[in-house]
Amino acid sequence: MSEHELTRRRLLALGLALPPLAALAGSDLFAGELLAATPAIADDDDPTPAQTEGPYFTPNSPLRRSIVPAGAAGTRLTLTGRVLTTTGRSVARALVDFWQADARGAYDNSGYRFRGHQFTDANGRYALTTVVPGLYPGRTKHIHVKVQARGRRILTTQLYFPGVARNRGDSIFQAELVVRNWRKVGSRRAARFDFVLDLS
Ligand SMILES: [Fe+2]
């Protein structure tokens, strides 16, 4: 085996020979995160818990990685991660459909503001550009999501944020669903979450 081939294989094993999703997401924010994150698999292999869909899901959301309408208020947030199986294998072409309240806590129930779906790449990666959702009566901050491997059952769940006082008083909140690696990137926020699907 040539030295070049060995190097290529090692890079593939480390997941480093992949084109950065930054090219797809159109933001430098993703590059460091994805390169740093790719070699790792999920923190554990428990399936991501399901949660209630809530009253505001709208089918047929647009295909897009940014769900922020032009000029919308709010702190920009990039959420990246992977869709994995319980054995740590990436799920390519999984559907990931997000919906959430805007920064003031309002859902768009007549259109598709802050709604959009995308498909994971060949390595199970997704990247969402949005804003940190606002609070609305009775709930802590959260993002709704449906995740589906092709032809399999849909996982419906919600994601949460660390350090939100209202988490404690929200009866739906689950600590396992708090986004990981929550951090500031300039004036923006970034976080990571890997979805684990039980495809057995
Ligand atoms: Fe909600």
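When a ligand or atom number is given, it counts from 1 through the structure's own listing order. Values reported hereafter were calculated over all heavy atoms of this structure, with side chains retained and with hydrogens, waters and symmetry mates removed. One-based numbering along the sequence shown.
Within the hydrophobic cluster formed by Ile, Leu, Val, Met, Phe, Trp and Tyr side chains joined at under 4.5 Å, directly or through other members, F119 is accompanied by L63, L95.
T120 OG1 to F195 CZ: the interatomic distance, rounded to the nearest 0.5 Å, is 11.0 Å.
Ordered by chain and number, Y107 OH, Y136 OH, H142 NE2, H144 NE2 make up the set of protein N, O or S atoms under 2.8 Å of the Fe ion (ligand 1).
A donor-acceptor contact shorter than 3.5 Å is absent between the side chain of R150 and the backbone of Q148.
With sequence neighbours left out, K146 forms a salt bridge (charged side-chain N to carboxylate O under 4.0 Å, His left out) with E53. With sequence neighbours excluded, the residues that form a salt bridge (charged side-chain N to carboxylate O under 4.0 Å, His left out) with D170 are R139.
Of the listed residues (V147, L79, D121, V145), just one forms a side-chain contact (heavy atoms from CB on, under 4.5 Å) with Y126, and that residue is L79.
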